[in-house]
Amino acid sequence: MKLSVIGTGYVGLVTGTCFAETGNQVICADINEEKVKRMQAGEIPIYEPGLETIFHRNIKQGNLIFTTDLKYAVDNSDIIFLALPTPPSEDGSADLKHVLEVAEQLGKIITSYKIIIDKSTVPVGTAEKVQELIAKNCVCDFDVVSNPEFLREGMAVEDFMKPERVVIGTESEKAQEILNRLYAPFVRQGNPIIFMDERSAELTKYAANSFLATKITFMNEIANLCEILGADVDMVRKGIGSDSRIGKRFLFPGVGYGGSCFPKDVKALNIMANQSVYDFKILKSVMEVNEAQWMVIIDKIISKFGNDLSDKKFAVWGLAFKPNTDDIREAPALYIINALLQLGVTISAFDPEAMLNVKKEIGDKIQYGENQYAILENADALIIITEWSVFRSPDFEMMKKGLKNNIIFDGRNLFELEEMEKQGFYYASVGRRVVSSEF
Ligand code: NAD
């Protein structure tokens with residue numbers, strides 16, 4: 001099939017590349033000229049495991065091309081995916097500027113039947129708005145479909161190639177039939193394509209992300225309570241996770257959720273509810289608890305070192321909002337680092353993929369290391385914020401050689417308490433007792 005994907009960010013580039021991989025002709029269009037030039041030159045603009053290989057393969061085979069020319073992309077495709085940003089507006093609602101602008105342009109370009117598919121996360125009723133905007137300028141037949149994306153950054157290719165489900169909101173039989181064929185190679189193992197109306201599809205995405213954010217937040221509160229009551233959150237997690245009604249996933253406590261989706265989608269759903277005069281009480285608590293959770297690790301640092309941290313130097317492992325991505329949007333690391341900088345702390349940090357993006361955002365306010373050990377030199381403590389695999393089995397002897405004090409604040413519970421005891425670290429993690437063998 002002939003497709004175009006408008007917006008080639010984390011979702012658009014993965015969508016375009018994976019559809020090219022199953023034999024479709026894909027044109028990726030983006031407004032960012034520099035990015036398009038880089039992609040035309042064969043340079044991949046984001047880090048996503050497994051993406052680079054299929055990106056190069058499909059460019060070479062001629063299945064995947066890049067352009068800034070929206071008209072060219074639309075004229076040469078029958079199915080048009082919108083993978084445009086929907087960032088939060090000042091009041092927290094999803095900003096539809098990009099989606100609606102492109103919809104308006106599409107109305108002026110389309111001259112034959114097209115399926116326009118919204119992959120962006122958009123408030124309920126957006127498909128209707130897009131439909132109206134296109135119809136304003138266009139007399140030909142078209143269908144607007146809501147097809148929210150559930151991929152996880154860091155696992156995006158795997159998630160896209162083998163989705164647990166595909167949600168498609170449309171009542172058009174023609175669009176249903178075409179999309180069934182388009183997605184067939186991705187659901188060969190029997191995972192469902194769930195057809196529904198556009199509004200339900202739009203809400204499904206917000207409900208999924210808000211539910212997951214709530215699950216994480218609930219566990220963070222349980223972890224905080226464990227610390228007060230002398231329980232161990234790992235035990236509680238295993239105890240409840242083996243109940244199939246609860247499930248084992250998304251039960252790991254930490255420094256609070258971040259990223260480009262959960263914070264903005266929880267906010268947007270809350271606003272959507274408010275605008276419908278519905279008071280969504282849980283969501284308000286989830287947002288409040290999550291923001292407080294970013295600072296829990298700071299409280300632990302202050303309770304160890306005292307209020308005056310101005311002569312302290314801390315090393316930070318992990319900057320990306322989660323492992324296996326270079327994405328730092330709403331990353332807890334940035335909130336924690338900014339709070340520490342305000343307290344006068346000196347920071348040196350290491351992240352396997354996200355340092356370039358952090359440099360663009362905060363420049364030389366912190367130092368960056370070549371590897372996870374180099375930054376430990378003379379540091380008063382190590383703070384672990386992102387659970388990259390490379391941090392899971394470190395050389396503890398090298399760590400002790402670098403660190404001034406053998407002190408670790410672990411926001412991700414990477415290590416066993418007994419091991420930390422044996423190694424002689426002061427080790428404060430999340431929802432577990434503090435190991436303070438020699439301190
Ligand atoms: P992104 O910011 O990484 O990428 C958006 C791209 O759109 C950028 O390359 C930008 O240059 C381009 N763009 C902006 N305006 C444009 C225009 N007028 N014409 C052409 N291109 C334009 O965003 P993303 O993370 O890929 O997210 C896109 C949407 O998908 C959002 O609604 C997001 O909520 C949703 N989503 C994201 C994820 C994720 O993990 N990132 C997962 C599921 C859904």
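Just so you know, ligand 1 is whichever comes first in the structure, and atom 1 is the first atom listed for that ligand.
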So is there a nitrogen or oxygen of [X] less than 3.5 Å from a nitrogen or oxygen in ligand 1?
| X | value |
| --- | --- |
| Phe150 | no |
| Asp30 | yes |
| Lys205 | no |
| Asn32 | no |
| Cys261 | no |
| Glu149 | no |
| Glu153 | yes |

Measure the acute angle between the ring planes of [X] and [Y], then classify it against the limits of 30° and 60° as parallel, tilted or perpendicular.
| X | Y | result |
| --- | --- | --- |
| Tyr183 | Phe81 | perpendicular |
| Phe415 | Phe396 | perpendicular |
| Trp317 | Tyr373 | perpendicular |

In terms of atom number and element, which parts of ligand 1 are under 4.0 angstrom from non-hydrogen atoms of [X]?
| X | value |
| --- | --- |
| Leu84 | 13 (N), 15 (N), 16 (C), 17 (C), 19 (N), 20 (C), 21 (N), 22 (C), 28 (C), 29 (C), 31 (C), 32 (O) |
| Tyr10 | 3 (O), 25 (O), 26 (O), 41 (N) |
| Lys264 | 33 (C), 34 (O) |
| Leu151 | 40 (O), 42 (C) |
| Lys35 | 8 (C), 9 (O) |
| Gly9 | 1 (P), 3 (O), 4 (O), 6 (C), 9 (O), 26 (O) |
| Pro85 | 5 (C), 7 (O), 14 (C) |

For [X] and [Y], I'd like to know if the aromatic rings sit close, meaning centre-to-centre distance below 6.0 Å.
| X | Y | answer |
| --- | --- | --- |
| Phe409 | Tyr427 | no |
| Phe211 | Phe218 | no |
| Tyr10 | Tyr47 | no |
| Tyr368 | Phe350 | no |

Would you kindly specify which portion of Ser260 sits under 4.0 Å from ligand 1, judged on non-hydrogen atoms: side chain, backbone, both or neither?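 Side chain only.
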Closest protein heavy atom to [atom], given as residue, atom name and distance to 0.1 Å:
| atom | answer |
| --- | --- |
| atom 15 (N) of ligand 1 | His98 ND1, 3.4 Å |
| atom 32 (O) of ligand 1 | Thr86 OG1, 2.6 Å |
| atom 37 (C) of ligand 1 | Val11 CG2, 3.2 Å |
| atom 21 (N) of ligand 1 | Ile31 N, 3.3 Å |
| atom 35 (C) of ligand 1 | Thr121 OG1, 3.4 Å |

When you compare the side chains of Asn274 and Ser276, does any donor N or O come within less than 3.5 Å of an acceptor on the partner?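 No, Ser276 and Asn274 have no side-chain donor paired with an acceptor closer than 3.5 Å.
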Side chains of Tyr257 and Gln293: any donor to acceptor distance under 3.5 Å?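 There is no such pair between these side chains.
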Regarding atom 18 (N) of ligand 1: of the candidates Asn209, Val122, Val36, Val102, which has the closest heavy atom?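 It is Val102 whose heavy atom sits nearest to atom 18 (N) of ligand 1.
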Is the shortest distance from a heavy atom of Arg329 to ligand 1 less than 4.0 Å?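 Yes, Arg329 has heavy atoms under 4.0 Å from ligand 1.
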Do Thr67 and Cys28 make a side-chain contact, defined as non-hydrogen atoms from C-beta onward lying under 4.5 Å apart?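 They are not in contact (no side-chain heavy atoms under 4.5 Å apart), so the answer is no.
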So, do Ile384 and Leu414 sit near enough that their side-chain heavy atoms are less than 4.5 Å apart?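 Yes, close enough: below the 4.5 Å cut-off.
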Honestly, is Arg165 close enough over Phe150, meaning NZ or CZ under 6.0 Å from the six-membered ring centre and within 45° of the axis?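 Yes, Arg165 and Phe150 form such a contact.
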Give a yes or no answer on whether the side chain of Ser120 reaches the backbone of Leu84 with a donor-acceptor pair at less than 3.5 Å.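 Indeed, once roles are kept as given, a pair shorter than 3.5 Å links the two residues.
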